[in-house]
Amino acid sequence: CFPLWVMINTTNVGNGDDNDDGVPIGVMIRVGLIAVLAGIGSGCTGPIVKSTLQNVTLPNARGQAFSWLNTFDDFGRGLGPVFVAMLIINLGGRQIAFNVGVGGWILCGIFNLCIFFTVREDEEK
């Protein structure tokens, strides 16, 4: 989430030749590289949660656990944009609202890190 935070807080100021849209090429390259890093970093969360859930859930409860995971995942996909839109309106801008959203990703990353310390005990149960 750090690359996404950098991309949100990067302004379009830079040196170099402008392209047709008036954005400096150096800024476009920098933002593009940051976007690739953000995509690589954010893409690993789903498989981490699913594989951990697979390993720590008993076979007879696995279907129910995955249904809860999919329910809350879909809930977040559906209402996430609504919450972000409310944050944009109430906080006075996109940059502040997206920084709050990245703060939520930081909490999720901390929870994923905490799983590392408890997964062995959970697998043994």
Side-chain angles (χ1 to χ4, degrees):
C1 66
F2 180 72
L4 181 61
W5 178 81
V6 170
M7 191 168 66
I8 289 170
N9 293 294
T10 298
T11 58
N12 288 336
V13 177
N15 296 326
D17 297 330
D18 290 350
N19 66 1
D20 293 337
D21 297 328
V23 179
I25 294 173
V27 171
M28 289 178 40
I29 292 171
R30 181 178 57 208
V31 170
L33 290 174
I34 293 171
V36 168
L37 288 174
I40 290 170
S42 67
C44 65
T45 304
I48 288 172
V49 172
K50 288 178 182 175
S51 64
T52 302
L53 193 61
Q54 174 91 17
N55 289 335
V56 301
T57 308
L58 295 173
N60 59 350
R62 203 168 283 155
Q64 185 177 13
F66 274 99
S67 70
W68 279 107
L69 172 70
N70 288 329
T71 299
F72 282 105
D73 190 31
D74 291 342
F75 180 76
R77 286 184 194 165
L79 287 181
V82 174
F83 290 137
V84 171
M86 288 182 354
L87 284 173
I88 290 170
I89 293 167
N90 293 325
L91 296 177
R94 292 177 186 266
Q95 187 173 8
I96 298 169
F98 286 134
N99 280 324
V100 170
V102 170
W105 277 17
I106 291 171
L107 287 174
C108 291
I110 290 170
F111 286 134
N112 277 338
L113 183 63
C114 290
I115 289 172
F116 172 78
F117 298 107
T118 63
V119 76
R120 281 220 173 125
E121 294 173 11
D122 292 338
E123 284 178 338
E124 291 172 2
K125 290 180 184 178

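If you're wondering where the values come from, they're calculated on a predicted model, not measured in any experiment.
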Minimum side-chain heavy-atom gap Cys114-Ile110 below 4.5 Å: yes

Leu37 and Leu33, any side-chain heavy atoms less than 4.5 Å apart: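 Sidechains of Leu37 and Leu33: no contact.
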
CD1-CZ distance between Ile89 and Arg94, expressed to the nearest 0.5 angstrom: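 Rounded to the nearest 0.5 Å, the CD1-CZ separation comes to 10.0 Å.
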
Exercise: identify the closest heavy-atom pair between Ile8 and Val102: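 Closest approach of Ile8 to Val102, heavy atoms only: CD1-CG2, 3.6 Å.
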
Shortest non-hydrogen contact from Gln95 toward Asn9: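 Where Gln95 meets Asn9 most closely, the heavy atoms are NE2-OD1, 2.6 Å.
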
Atom pairs and distances, donor-acceptor, side-chain atoms in residues 72-87, under 3.5 Å, two or more places apart:
residue, atom, partner, partner atom, Å
Asp73, OD2, Arg77, NH2, 3.0

Fellow cluster residues of Phe66, listed by chain then number, with links counted only when side-chain atoms sit under 4.5 Å apart: Val49, Leu53, Leu69

Partner of Trp5 under side chain to side chain contact (heavy atoms under 4.5 Å, CB included), chosen from Ile106, Ile34, Asn99: Asn99

Ser51 side chain vs Ile48 backbone, donor-acceptor pair below 3.5 Å: yes

